[in-house]
Trainee: 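Take a look at the following structure, please.
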Amino acid sequence: MSEEVTPAPSGGTSAEPAPSPAPADPPEAPPESERRSTGADQDGPVSESDALRSLAQGGATDDPERSEAQRAGAIADLIARRLSADASGTRIGTLALFNDSVSFGGGFHTDGGGRPRGRTATGEGSVLPLDTAELDDHTARFVRPPGYRSALGLLSERRLLVLTGPSGSGREATAVNLLAEALALSGADGGGICHRLLDPADLLAPGWEPPVPAGGYVAHVGDGPEGARHFRALPRLLPAVVAALRARGCHLVLTGGQDLAIAVRGDGGAAVAAHALAPVDPMAVLERRVLGLGAAPEAYAELRARCASGGVTDTLRELPAARHAARLAAEIAAGRDVAAAAAALRDPSDQVRAWFDRHRHPEAVAFALAAAVLEECGYLTVAEAAVKLRAALAEPAPAPPDVRFRDRLGDEQQWIRLDGSAGGPPRVRFRNALLGQVVLLYAWTGLDGWREALLSWLRQLLGHHDLEVRARAAVAAGVLARADHHYAVHRYLTAWAAAESWQLRQAAATALGVAGGDADATDAVWALLHDWARGGSSARERRLAGTAANTAGGLLGRTAPDRAVAVLRDALDRGDDWGTLPSVAWGGVHLVHQGQAGPLLAAHLDWSAPQDLSPMVVKTLSAFVFATTRPYEAPADGPVEGVPGVPLLLSGLPAHRAALAELWARALARRPVQESALLALREWVDTYADRGRPGTLDALAGLLADVARRPGAHRERLLWWLNKWAHDRERPSRNAAVLHARLTRTT
């Protein structure tokens with residue numbers, strides 16, 4: 001190995017042989033606006049001094065790009081695990097999602113208020129009597145919801161009750177039971193037959209009266225604003241409708257969703273007898289339908305155990321509507337495979353397809369997509385993003401719209417819940433961990449007219465002031481890229497990867513990491529990264545190479561470290577173009593924090609093997625020194641265990657000790673890397689050795705002893721600098737004195 005300096009006489013601790021003066025502390029990093037105008041973003045080759053200065057400035061502990069990459073990587077990792085499979089074994093089936101022949105028996109279907117198949121209206125024309133089977137299904141094993149007695153009192157007194165609740169909540173069953181009891185209480189002599197009013201709007205016609213006397217009527221208003229808007233007139237027409245019901249000895253229950261509840265609360269709405277249906281415990285519905293009344297405790301225990309083992313309990317936790325409990329109860333009663341039925345009901349593809357078949361208006365879709373992108377964020381953050389997306393999807397309005405997403409969550413968005421269990425503002429969460437991803441994929445591939453607006457909105461989120469919003473938007477972009485990798489690369493990923501904004505470049509790296517987690521796209525993503533890394537030296541091509549290095553060090557690098565270091569080499573080995581050095585150095589740090597220090601250090605040893613002044617050697621050793629300076633911040637469920645705030649390469653000693661000793665020896669012997677290496681080593685000695693685990697200083701002493709034993713001036717150099725630091729007038733180092741004494745004895 002050729003040295004820059006001649007070794008000192010043996011024992012020379014007072015002066016290093018032709019020593020380099022102790023370098024001054026690096027200057028503070030300039031503002032972000034100034035950093036963007038440095039040579040790294042200019043056309044033509046970037047000089048060595050510019051690159052090394054940029055690397056030194058990137059060592060600030062509050063560097064925003066580092067925080068961005070770390071948070072985005074942690075979120076991307078979580079989402080990628082969800083995409084692969086969740087605890088139930090449910091997987092996103094793109095074939096089921098986009099195949100027209102799919103049958104979707106589970107999920108959010110129209111409620112039980114639809115007209116029976118195979119029957120037509122008879123006799124009176126506008127009504128249809130409920131047959132014995134329907135009545136029995138609704139009443140035989142009915143579970144009364146909370147507030148049922150109050151609703152019955154209102155119906156008996158007022159004759160007309162507006163009963164509102166989400167689809168699938170059992171609102172028709174509740175209406176039929178209320179009518180049956182109200183008719184019995186009134187002593188109706190017409191048999192108390194319940195009828196379905198086929199067209200609820202008939203109520204609003206002048207002179208309407210019940211076709212069949214002494215009967216009960218249930219009428220369902222379609223969900224959504226269109227179905228309910230006519231009923232804004234109900235408060236005004238209410239006296240005539242109620243008078244007609246009383247004259248014929250009848251009762252009527254009008255059922256609907258949130259839009260109906262809003263419509264009848266208009267002017268004069270206080271006169272309308274309205275009742276909001278409270279949720280019923282779905283397990284209580286299932287138990288009643290399977291066991292009836294008066295079952296033995298052992299039967300209940302056996303049924304609950306069967307539901308838990310077959311996934312029924314988890315299914316009803318995610319899909320708590322009474323309709324789903326009734327369906328699973330029928331499967332159990334018929335002796336069929338209830339586990340298969342529960343899995344089919346939970347299938348996210350079916351749920352999403354059925355939901356989009358029912359909800360197409362921008363208000364509902366905008367909140368669903370905002371929740372899919374920003375799941376786990378606070379409600380206000382999600383709602384704000386949804387309002388902006390709605391504005392892009394809807395016709396321009398002269399004034400801000402009266403949008404109240406929270407009021408509609410339990411109606412249109414039953415798959416979403418507001419979770420305030422952790423304290424603080426409520427968080428928006430899907431009930432099924434995979435639903436948000438399927439919502440995104442469906443909207444991206446199925447709503448062709450809205451794709452441009454969706455992409456523009458996602459791009460806006462990448463500039464949000466909240467780091468978590470930016471990170472989740474980048475993850476969402478990766479989810480979309482899974483649908484069609486080629487389209488995503490040419491439509492938005494390449495533009496983001498080459499952008500001047502480091503936030504967009506980080507977003508592209510995160511998105512590619514998520515997209516590359518799909519087995520069908522992995523090879524294509526790695527090929528793209530190599531292509532970018534080997535590009536030219538223009539500013540745009542250099543930024544593409546930097547994004548490739550950043551991507552390789554992320555989620556993809558953890559599972560394929562050999563492929564990652566190959567991309568890093570392509571991005572680094574660009575002759576006299578030094579512009580990619582900071583990005584490659586960061587990519588290496590990310591690899592270390594992904595638990596892949598071994599492959600990276602082996603690559604650094606290989607790339608710096610000539611030990612000369614060639615650009616590749618200096619770049620490699622500079623990247624190594626940079627990795628030694630980066631404190632570790634352990635993410636939740638991180639792949640490695642480290643000490644927060646301490647570089648992982650130090651806190652992990654004696655792991656990789658031989659490779660570290662050789663790389664430290666090379667870095668300390670080579671100008672211009674020597675200056676940054678000495679600064680980094682002093683930080684290890686003075687700062688991080690005391691913050692690490694017990695025994696860190698002993699491990700560092702062993703590492704320095706390995707360096708000192710190498711041929712050349714390594715021992716003399718270390719002793720000279722440790723002595724200098726130990727007796728520094730302004731900042732004497734106790735640890736340096738300890739290490740100097742131990743190194744003197746052991747070598």
Side-chain angles (χ1 to χ4, degrees), residues 1-13 16-20 22-23 52 55 585 588 592 597-630 647-650 652-686 688-689 696-725 735-736 739-740 742-747:
M1 171 176 24
S2 60
E3 295 281 341
E4 290 186 11
V5 293
T6 305
S10 177
T13 58
E16 185 190 357
S20 301
L52 295 178
L55 202 61
V592 171
L600 178 71
L601 296 176
H604 283 167
L605 287 171
D606 179 41
W607 304 344
S608 64
Q611 300 186 55
D612 53 23
L613 295 177
S614 63
M616 187 61 180
V617 170
V618 176
K619 291 177 188 177
T620 299
L621 294 177
S622 298
F624 162 72
V625 171
F626 184 76
T628 68
T629 65
R630 307 313 304 162
L648 200 56
L649 293 177
L650 172 61
L653 284 174
H656 315 296
R657 178 167 153 177
L660 285 170
E662 179 60 29
L663 287 168
W664 269 115
R666 294 178 185 182
L668 289 167
R670 298 253 63 82
R671 291 192 180 97
V673 184
Q674 184 185 61
E675 292 185 0
S676 59
L678 286 168
L679 283 174
L681 181 58
R682 182 162 192 187
E683 284 301 299
W684 274 30
V685 171
D686 283 356
Y688 298 125
T696 297
L697 189 63
D698 293 336
L700 180 56
L703 176 68
L704 295 182
D706 289 349
V707 175
R709 291 189 183 100
R710 278 163 168 71
H714 298 295
R715 179 177 183 275
E716 288 79 3
R717 179 181 297 107
L718 286 174
L719 289 173
W720 192 92
W721 282 101
L722 289 171
N723 183 69
K724 178 177 176 60
W725 297 337
N735 285 349
L739 292 171
H740 181 274
R742 294 184 61 172
L743 192 61
T744 302
R745 293 195 305 269
T746 57
T747 55

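Since this is a predicted model, take the numbers as computed values, not measurements. No hydrogens, no waters, no symmetry mates; every other heavy atom, side chains included, goes into these values.
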Trainee: For Val617 and Gln611, run side-chain contact (heavy atoms from CB on, under 4.5 Å): C-alpha distance rounded to whole Å, both residues' side-chain angles, the deciding distance at 0.1 Å, then the answer.
Mentor: CA-CA 6 Å; Val617 170; Gln611 300 186 55; 5.5 Å; no
Trainee: Where is the tightest heavy-atom contact between His656 and Ala597, given as atom of each residue plus distance?
Mentor: NE2-CB, 3.8 Å
Trainee: Could you please spell out the steps behind the side-chain contact (heavy atoms from CB on, under 4.5 Å) verdict for Gln674 and Leu678?
Mentor: CA-CA 6 Å; Gln674 184 185 61; Leu678 286 168; 4.0 Å; yes
Trainee: Measure across Arg657 and Gly702 and return the closest heavy-atom pair with its distance rounded to 0.1 Å.
Mentor: NH2-O, 3.0 Å
Trainee: Quick check for you: to the nearest 0.5 Å, what is the distance between Arg717 atom CZ and Leu722 atom CG?
Mentor: 12.0 Å
Trainee: Can you name the nearest heavy-atom pair linking Leu605 to Ala659, along with the distance?
Mentor: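 Nearest pair, atom of Leu605 first, then Ala659: CD1-CB, 3.8 Å.
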Trainee: I need the Tyr688 OH to Leu650 CG distance, nearest 0.5 Å.
Mentor: 9.5 Å
Trainee: What distance do Trp664 atom CH2 and Leu649 atom CG have between them, rounded to the nearest 0.5 Å?
Mentor: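 With rounding to 0.5 Å, CH2 (Trp664) is 9.0 Å from CG (Leu649).
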Trainee: With distance as the sole test, does Arg630 use its side chain to make a donor-acceptor pair with the main-chain N or O of Phe626 at under 3.5 Å?
Mentor: no
Trainee: Look at the rings of His604 and Trp607 and say which category their plane angle falls in: under 30° parallel, 30 to 60° tilted, over 60° perpendicular.
Mentor: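 Perpendicular.
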Trainee: Could you walk me through whether Leu704 and Trp684 pass side-chain contact (heavy atoms from CB on, under 4.5 Å), step by step?
Mentor: CA-CA 11 Å; Leu704 295 182; Trp684 274 30; over 6 Å; no
Trainee: Taking it one step at a time, do Leu653 and Leu660 satisfy side-chain contact (heavy atoms from CB on, under 4.5 Å)?
Mentor: CA-CA 9 Å; Leu653 284 174; Leu660 285 170; 3.7 Å; yes
Trainee: In terms of side-chain geometry, is the basic nitrogen of Arg666 or Glu662 positioned less than 4.0 Å from the acidic oxygen of its partner?
Mentor: yes
Trainee: Can you tell me how far apart CG (Leu743) and CG (Asn723) are? Round to the nearest 0.5 Å.
Mentor: 11.5 Å
Trainee: About how many Å separate CG of Leu681 and CG of Asp686, when rounded to the nearest 0.5 Å?
Mentor: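 So the CG of Asp686 and the CG of Leu681 are separated by 9.5 Å.
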